[in-house]
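This report refers to the structure that appears directly beneath it.
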There are 2 protein chains.
Amino acid sequence: MSHLGYARLMAVDRDHVLRTAAALLTRRSTATMDEVAKAAGISRATLHRQFAGRDALVRALESLGISECEAALGRARLDEGPAAEAVRRLVREIEPSAGLLAFLYSENQLFEGEEQNAGWERIDARVTALFRRGQDSGEFRIDLSPAWLTEALYGLLAAGAWSVLDGKVARNDFTFMIAELLLGGALRREES
Amino acid sequence: MSHLGYARLMAVDRDHVLRTAAALLTRRSTATMDEVAKAAGISRATLHRQFAGRDALVRALESLGISECEAALGRARLDEGPAAEAVRRLVREIEPSAGLLAFLYSENQLFEGEEQNAGWERIDARVTALFRRGQDSGEFRIDLSPAWLTEALYGLLAAGAWSVLDGKVARNDFTFMIAELLLGGALRREES
DNA sequence: TCTGCATGAGACATCCATGTCTCACTTGGG
DNA sequence: CCCAAGTGAGACATGGATGTCTCATGCAGA
C-alpha cells in the first residue's frame, strides 16, 4: 500500500505542477524554473525532483498537450455526422487546452524534428482526415488543402488563446469565433 | 562627403544585418548573437557596434516590421474598392514580411505593454477599420468582431509563414490560402 | 513516541549568452 | 606613402538560469 499511496500522491502533485506550469508558461513562455515552482506552490528543489530539468518539464507539458488533444479528438467524435459539426465539436472540446497548445505551438517552431513527433503526427493525421472527409462529402471546398486547413486551425486556436489572454476578445466567444471563421470566413453568405 | 558616405554605408550594412537576422530568428527565435553575426557575415563585435545588444536588435526588428507593415498597408489601398479585394491586396503585399511578423507576433506574447506599442496600435487600427468598413458595406458578416478578424489575420499569417518554412504548404499558395480562408472559410458556397 | 521520507531553504558549482575591451589587420582617402 | 577608421578575432568579466548538494523541518505511519 505504501507503494500505491506513494505513487498516487506523486501523480496528483505532478499533475498539479504541470497544470500550473502550463498556465504560467502560456502567459510568459520564458518563465524561470523558480517562477514555475513558486506558481505551483513548491520549492525549486521539489520541482527538480519531479522533473529532471527544464527540458523534461517542457517535454512533460508536450505529453500533456498531446494527450489532452487526443482526448478532445475522441470526445469530438470526428467521424460522426456532418464534418462542419465535427469541427465545431472539436474546437469546443479543445478550448480548455488552447493556451497550452498555443505555448507548444510557438515553442515547436524551435525544436526541429526529434522529440515526440509521433504524437503530433497522429493528431495531425486525425484532423487532416476530418477535413478530407468534409471535402469528400462535398461540405468543404477543395481548393484549400486539408494540410493547410489543419495548420490554419492551429493558428486560429493560438490567436484565439492569446487574444483572450490579452483581453482583446471575450473568453465566451472563443469557440464561436474560431469555428465560425474557420468554417464560414468573414464574407457574408447570401442565403442561409 | 565622408559623413554622407559613412552614413550611407552604415545604413546599407544595417539593413542587410537586419534582414538576415529576421530570416534567422524567424526559424530559430532563440538564435545567439553569435549566430546572428555569422549569418550576416560579420563578427560579433561589429554586430554589437551596430546594435547595443540583443534588445536593441529585437527592437530594431520590431521597427522594421512596423514600417514594412505600414508600407504594405499603404500599397494595399485599404480604402479603395470592395473590402474583400482590399483584404486580398493586403495579404499579398504583406507576404514578404510574414516571417518577420510571425517572429514578432510570438515574441510579443512575452514583452507585455511598454515598447513601441504605438506603432502596432496604429496598424491594428487601420486593419480593424478595414474589417469595419466591410461590415458597414454589407460585405462582411457582423457576428465576428473586427478586433477578432484582425487577430485572426495575424494568426493566419503566422501559421502560413511557419507552414511554408516547414514545407507543409507551397510558398506560391501562401497568399491564396490565407486570403481565401479568412474571407470564405472552409465551407463550400452554394452559389458562385 | 519513534522513525522514515518528502519537503523547503539555501549554499554552492557550472554553463552559456551577453557585454566590454584590446589589438592586429586592411582598406580607402589624403 | 601614410594615416585614420572600421573590422575581425579573441580574451575577459558579468549575470542569470540551471543543476546538484546538504541539512533541518514537518509529518504520517508503525
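- Taking atom CG on A/Asp13 and atom P on C/dC5, their separation rounds to 18 Å, with Å as the unit.
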* Structure fact -> Given protein heavy atoms under 4.0 Å, the one-letter contact record of nucleotides 16-23 of chain D, with B base, S sugar-phosphate only and - none, is simply -SBBB-B-
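- Between B/Leu47 atom CG and C/dT18 atom C1' the separation is 11 Å, expressed in whole Å.
- One finds the CG atom of A/Leu144 at 5.5 Å from the CG atom of A/Leu149 (value rounded to the nearest 0.5 Å).
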* To do: Check step by step if ring-ring contact (aromatic ring centres under 6.0 Å, His included) holds for A/Trp148 and A/Phe131.
  => CA-CA 10 Å; A/Trp148 163 240; A/Phe131 287 117; over 10 Å; no
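- B/Thr175 pairs with exactly one of B/Arg89, B/Arg92, B/Arg88, B/Glu95 by the side-chain hydrogen bond (donor to acceptor under 3.5 Å, both in side chains) rule, that one being B/Glu95.
- Following rounding to the nearest Å, B/Leu57 (CG) and C/dA17 (P) show an atom-to-atom distance of 16 Å.
- Within the structure, salt bridge (Lys or Arg N to Asp or Glu O under 4.0 Å) contacts touching residues 121-130 of chain B (residues at least two apart or in different chains) are B/Glu70-B/Arg122.
- Between B/Gln50 atom CD and D/dT7 atom P the separation is 6 Å, expressed in whole Å.
- Across D/dT7, C/dG8, D/dG8, the shortest atom-to-atom separation from the side chain of B/Ile42 is found for D/dG8.
- Contact check on B/Lys168 versus A/Glu151 returns a salt bridge, with a Lys/Arg side-chain nitrogen under 4.0 Å from an Asp/Glu carboxylate oxygen.
- A/Ser43 has no side-chain polar atom (N or O) that falls below the 4.0 Å cut-off from OP1 or OP2 of C/dA9.
- Looking at B/Leu104 and B/Trp120, their side chains come closer than 4.5 Å, going by heavy atoms from C-beta outward.
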